[in-house]
Amino acid sequence: MSQRLPQAASPVTVRHVKTDKVPELASATWSNCLVVGDEVVMSGMTAHPASRQQTLDPYQQTLVVLGKIRDLVEAAGGSIGSITKLVIYVTDIAHKDEVGRARRDFFGTPYPCSTLVAVSALVFPELTVEIDAFARLGADLRQAVAG
């Protein structure tokens, strides 16, 4: 009897998403946003350079970062409802309430899944919040079914 060999999986399409709203530095050694199949993955976003131009508290920094994430997801073909998971890094866990308020003000329910982690520092001293985000094209949390 002959054995049937498994078929090789088709390669997944990967797109490098760019938008003028969230520019990538020419010297960057990372991509801001990739779409792998229908999954959207983003590098950690901060409020930089806005944080260098004005003093932003953790609430304001969180809103700036969430706006960048929305802009990248929209450039990838999704919407704010496509965002399924956030990993939030704060330099002081005492900022959790301000970060939470910004999330409530930015998203409708149900909220994306989320992890909050305190870290000792971010890339620039004035930064207090950095967020990694994940999204799925074709999904819309606003259409979530309770269950």
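For reference, positions follow the sequence shown, starting with 1.
- In this structure, the side chains of Leu141 and Pro112 come closer than 4.5 Å at one or more pairs of heavy atoms.
- Under the 4.5 Å side-chain contact rule for hydrophobic residues, Ile80 and Leu86 share a cluster.
- No hydrogens or angles considered: nothing links the side chains of Thr109 and Arg142 as a donor-acceptor pair under 3.5 Å.
- Residue pairs satisfying the side chain to side chain donor-acceptor pair (under 3.5 Å) criterion with at least one member in residues 111-123, sequence neighbours excluded, are listed as follows: Lys85-Thr115.
- Within the 4.5 Å cutoff, no side-chain heavy atoms of Met42 are placed close to those of Phe134.
- By the criterion of side-chain heavy atoms lying less than 4.5 angstrom apart, applied directly or through intervening Ile, Leu, Val, Met, Phe, Trp or Tyr residues, Val41 is not grouped with Val22; the two fall into different hydrophobic clusters.
- Checked by atom type and distance alone, the side chain of Glu24 pairs as donor or acceptor with a backbone atom of Asn32 at under 3.5 Å.
- Note that CZ of Phe107 and CD1 of Ile83 are 4.5 Å apart. Values are rounded to the nearest 0.5 Å.
- The heavy-atom pair separating Ala133 from Ile69 by the smallest distance is CB-CG2, 3.6 Å.
- In the hydrophobic clustering of this structure, Met45 does not group with Leu34; members are Ile, Leu, Val, Met, Phe, Trp, Tyr whose side-chain heavy atoms approach within less than 4.5 Å, directly or through other members.
- You'll find the side chain of Ile88 reaches within 4.5 Å of the side chain of Arg103, heavy atoms only.
- Among all heavy-atom pairs drawn from Ser31 and Ser43, the shortest one is O-OG, 2.6 Å.
- Closest approach of Arg15 to Ala76, counting heavy atoms only: NH2-O, 2.8 Å.
- Glu98 meets the side-chain contact (heavy atoms from CB on, under 4.5 Å) test with Asp57, Pro58, Tyr59, His95; sequence neighbours excluded.
- Among all heavy-atom pairs drawn from Val40 and Cys33, the shortest one is CG1-SG, 3.6 Å.
- Val129 and Val65 make their closest contact through O-CG2, 4.4 Å (heavy atoms, listed as atom of the first residue, atom of the second, distance).
- A single hydrophobic cluster is seen to contain both Val123 and Val87, as judged by linkage of ILVMFWY side chains at heavy-atom distances under 4.5 Å, directly or through other members.
- The closest donor-acceptor contact from the side chain of Ser82 to the backbone of Ala139 lies under 3.5 Å.
- At distances below 3.5 Å, at least one donor-acceptor pair connects side-chain atoms of Gln61 with backbone N or O atoms of Thr128.
- Tyr89 has its side chain out of reach of Leu116: every pair of non-hydrogen atoms, C-beta onward, lies at least 4.5 Å apart.
- When every heavy atom of Ser51 is checked against every heavy atom of Leu127, the shortest pair comes out as OG-CD2, 3.3 Å.
- Between Val35 and Val14, the closest side-chain pair of non-hydrogen atoms is not below 4.5 Å.
- No donor-acceptor pair closer than 3.5 Å links the side chain of Arg136 to the backbone N or O of Thr84.
- A donor-acceptor pair under 3.5 Å is formed between the side chain of Asp132 and the backbone N or O of Gly44.
- Residues Val90 and Val119 are not in side-chain contact: their nearest non-hydrogen atoms beyond the backbone lie 4.5 Å or more apart.
- Interatomic distance, NZ of Lys68 versus CG of Leu63, reported as 13.0 Å (0.5 Å rounding).
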